Novice: 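Got a structure here, written out as structure tokens. Questions coming.
Just so it is clear, the model here is predicted, and its values are computed rather than measured. Letters A, B, ... mirror the listed sequences (proteins, then strands); counts begin at 1. Computed from heavy atoms alone, side chains included, the values below leave out hydrogens, waters and symmetry copies.
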Amino acid sequence: MKNIPVYNPAMVEGKWQRHWEENHSFAAEKSHEKPKFYPLIEFPYPSGAGLHVGHPRSNTAMDIIARKRRMEGYNVLFPIGYDAFGLPTENYAIKNHIHPAIVTEKNIARFRSQLKRLGFSFDYDREISTTDPKYYKWTQWIFLKLFEHGLAYKQEMPINWCTSCKVGLANEEVVNGVCERCGGEVVRKVKSQWMLRITDYAQKLIDGLDDVDFIDRVKVQQRNWIGRSEGAEVDFNLSSGDKLTVYTTRPDTLFGATYMVISPEHPMIDARRDMISNYAEIVAYREAAARKSDFERTEMNKDKTGVQIEGVHAINPVNGKPIPVWVSDYVLMSYGTGAIMAVPAHDTRDWEFAKKFGLKIVEVVAGGNVEEAAYTDIQDGVMVNSEFLNGMKVADAKRAIIDYLVEKGIGHKKINFKLRDWVFSRQRYWGEPIPLVKCPCCGWVALPESELPLKLPEVESYEPTDNGESPLAAMTDWVNTTCPKCGGPAQRETDTMPQWAGSSWYFLRYIDPWNDTCIADPEELKYWLPVDWYNGGMEHTTLHLLYSRFWHRFLYDIGVVPTKEPYQKRTSHGMILGSDGEKMSKSRGNVVNPDEIVDELGADAFRMYEMFMGAFDQAIPWSTDGARGCRRFLDRVWRMMEFMTEDTGISEDMKFDVNTCIKKVSEDFERMKFNTGIAAMMTLVNAFYAKGSITKGEMTVLIKLLNPVAPHITEEINEMCACCDGELMHAPWPVCDESALVKSTVEIAMQINGKVRGRMNVPADLTRDGAAEYFMALDEIKKLVGDKPVKKLVFVPGRLVNIVM
RNA sequence: GCCGGUGUGGCGGAAUGGCAGACGCACCGCACUCAAAAUGCGGCGGUUUAUCCGUGCCGGUUCAAGUCCGGCCACCGGCACCA
């Protein structure tokens, strides 16, 4: 027994963290000789509250992969930065009269020190902040490219207006009718806004998913959000002489269209006001609908309302029958054409509306009872009451009717998306200024690249205004400028960009953060892109992840980046819940502060527990006792130095266990099954304790496998015992010796009629062919079988033998 | 309503169709100790203790089902009048 000092995580971890910092140990190599690996975590928003236990879950997982890849010989770029523009900082600044830049700097310093305390192998030399003018110069540059290519446009439109933040929100930022950030009420407000034409990229964003390795639920959620549907546009003639175009996914049911509905905002209402005898009633309905907030609209979605347009009717183009036209807010102006043909027999919403207002219901697909409910199952329906479509299956009828519509010139195939353009303006201070000026002669004009970055001016007050203007609007010195095109007087745009702007391309900047002539050197981009593995939260699937794919694809289309997609692989971690199984929140009082856990148990134990607590992609409740168990394990590993021998080999009786562990850990880390990988190492350590000794060679394998999870303690053991030459992080990852996994005999289960009756040792090389003969000759089998006839004998090599009688 | 996901001991969770409960937590016992903590070793699904029962419920396929198929139930997440 050797005398080994007690394991002291604070000392060990402090020592190695200083060492790593002084030596820039995790800086990516500038040379392009080695194969590259680019893992990425979502850069944090540096809030005043500091790190919570959720951050380290994603960070530790990718840190493990990054460290393993370095040991496997890759040049690894594992960067970190801060997504620092945004409302919480601005609100804090307003409340405490401190400049948001100062708040940001303070918060970043806190985050950085917390991250360093956890021993993540980030390349801090490449650290970025979205609020740094050297960074946002290029955010503005990308915006100007979008503007130049017609993908940014300003439009008067009803936006989601948060009454509490006094700011416009993207659709994605409105959750259950309230503001995603502050929970404030969201109302519709008409404002002139900068918009990005993400809808132009809808198809590309769907198609791109085929080429990447994202977990299914991310792909599914993005596809649903983009919401592609195939259908047809059909023209209906109106008695007023003009026509009304509808979009439908069920053109096959055209004979069942017994009325039409248009959205309250449909332009036809005002265009034909002279012919509408109840125009005043319809305007009143429209105003009532406009007053409803989004929240009310969804709450009331069961109860349909509407008004029939009097004085105008439509003609069903396939049977010539006159049908009424209604106005109802269940039809949205923002999707399709803002008008629908209603087929109450086969659409639930139309059916409800028809029942309420006593409209005709005509069955055109047989199989249901359309007086009882809409029959919407289109799988194997057969057409009825549809003249030339009668007797056809739904799918055939769809094709036939579209051919007919095209032939008659009254309709055509059409693809629609649910995705809307991205509202890109914010009436706020703490964001990237939009680098455009409005000139009375030239319209909106881009700043020349030489004037970038357009820096945020210093202002007296960051308060947003009730009239919906950005605080920048009050800075007349800054606002008033000259037009870059004609030199005449002009005014700057005073809205700023949303928080999603800076995060839409940050992974590109990490590749070459020092560059001041372009977003990143094309040679560097070629080497490092795409990001090989990106782990992040599901909550960003339809926000950041979609936005950044859009920007990246645009940059590809204009030749700035070499890959269509930014991220090759996307995984997602489950949330860490409070120990009560509820979401962690201040109000519930179940928040765990990582600093306290590190103080008590050390960063290695904390990291290990975060990975061991359960399946990585699932939500798991926190247990500090569980974390103590991981600390206990590290203590056990440490104390093995007391009975370690100087033998540098693997002892014969441990070869199987050691190689099994190498295999299990190597495979499980790649599949993000960190919990079972760690369990395998615990099993191995238990085996060394049972044996009462460990060789230096065995210890070396163990600390290599454990290093990505618990980097500090393993480096220290390596140094104390001189296991490897130099630091462990540069040592090669252990390779499993498959020959050591072969055993001469294996224990298998013995079953009678599928029930386990015992176990026995058989030669490992026993094949299925020789099995019957082998088993029937055994005394123990003879005893069990007796003289009953054996119907069948099932043998699974290495597993079991099952005798069916 | 639609789309995902999840249901296994007291708890977190393991299990390519092949010995259900690996590993850990909690708990119990023993050793060490004057004692406690720490540590080490052992035990730990249930019961009527045996050819027994047991992976949310009901049925099916199979020599064999937590795993596959059909039909439900519950909980969690996302979307939600998208024609």
Novice: Quick one: are the ring centres of A/Tyr259 and A/Phe353 less than 6.0 Å apart?
Specialist: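 Close enough - the centres of the two rings lie under 6.0 Å apart.
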
Novice: With P as the reference atom in both, quote the distance from B/rG78 to B/rC72 in angstrom, rounded to an integer.
Specialist: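 26 Å, rounded to whole Å.
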
Novice: Heavy atoms under 4.0 Å, any strand shown: does A/Lys414 hit a base, just sugar-phosphate, or nothing?
Specialist: nothing

Novice: Using a cut-off of 4.0 Å on non-hydrogen atoms, how would the nucleic acid contact of A/Gln751 be classed: base, sugar-phosphate, or nothing?
Specialist: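 Base, at least one base atom sits under 4.0 Å.
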
Novice: Taking Watson-Crick and G-U wobble pairs with both distances under 3.5 Å, convert RNA chain B into its dot-bracket string, 5' to 3', dots for unpaired and | for cross-strand pairs.
Specialist: (((((((..(((.....[....))).(((((.......))))).(((..).))..(((((..]....))))))))))))....

Novice: B/rA64, B/rC41, B/rA22: which one has an atom nearest the side-chain heavy atoms of A/Asn802?
Specialist: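 Out of B/rA64, B/rC41, B/rA22, the nucleotide with an atom closest to A/Asn802's side chain is B/rA64.
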
Novice: Return the nearest nucleotide to the side chain of A/Lys792; candidates are B/rC63, B/rG5, B/rC41.
Specialist: B/rC63

Novice: Measuring only the P atom in each nucleotide, how far is B/rC11 from B/rC57? A whole number of Å is fine.
Specialist: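 Those two atoms are separated by 16 Å.
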
Novice: Identify, between A/Gly336 and A/Val794, the residue whose nearest nucleotide on RNA chain B lies closer to the 5' end.
Specialist: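 Nearest nucleotide further toward 5': that of A/Val794.
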
Novice: Taking only the C1' atom of each, what is the distance from B/rC44 to B/rA26 in whole angstrom?
Specialist: 11 Å

Novice: Within the modelled atom types, does a donor on one side and an acceptor on the other bring the side chain of A/Lys304 and the base of B/rC81 under 3.5 Å apart?
Specialist: yes

Novice: Whole Å only: how far is the CG atom of A/Asp617 from the P atom of B/rG5?
Specialist: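 Distance check: A/Asp617 CG to B/rG5 P gives 11 Å.
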
Novice: So if I take every side-chain heavy atom of A/Arg636 and compare against B/rA83, B/rA15, B/rC41, which nucleotide ends up nearest?
Specialist: B/rC41

Novice: Pick base, sugar-phosphate or nothing for A/Val220, based on heavy-atom distances below 4.0 Å to the nucleic acid.
Specialist: sugar-phosphate

Novice: Between atom CG in A/Leu800 and atom C1' in B/rG18, what is the gap in whole Å?
Specialist: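 The distance from CG of A/Leu800 to C1' of B/rG18 comes to 4 Å, rounded to the nearest Å.
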
Novice: Name the closest nucleotide to the A/Trp225 side chain, picking from B/rG40, B/rA26, B/rC79.
Specialist: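 For the A/Trp225 side chain, the nearest candidate turns out to be B/rC79.
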
Novice: For the P atoms, the ones on B/rG10 and on B/rG4, what distance do you get once it is rounded to whole angstrom?
Specialist: 33 Å

Novice: On a whole-Å scale, what distance lies between the C1' atoms belonging to B/rU8 and B/rA14?
Specialist: 10 Å

Novice: Are any of A/Arg217's side-chain N or O atoms less than 4.0 Å away from OP1 or OP2 of B/rC79?
Specialist: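 Looking at the OP1 and OP2 atoms of B/rC79, neither is under 4.0 Å from any side-chain N or O of A/Arg217.
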
Novice: Would you confirm whether the ring centroid of A/Phe674 sits within less than 6.0 angstrom of the ring centroid of A/Phe669?
Specialist: yes

Novice: May I ask you to evaluate whether A/Asn686 reaches the phosphate of B/rG24, defined as a side-chain N or O under 4.0 Å from OP1 or OP2?
Specialist: yes

Novice: I'd like to know if A/Asp625 and A/Arg628 make a salt bridge, using a cut-off of under 4.0 Å between side-chain N and carboxylate O.
Specialist: yes

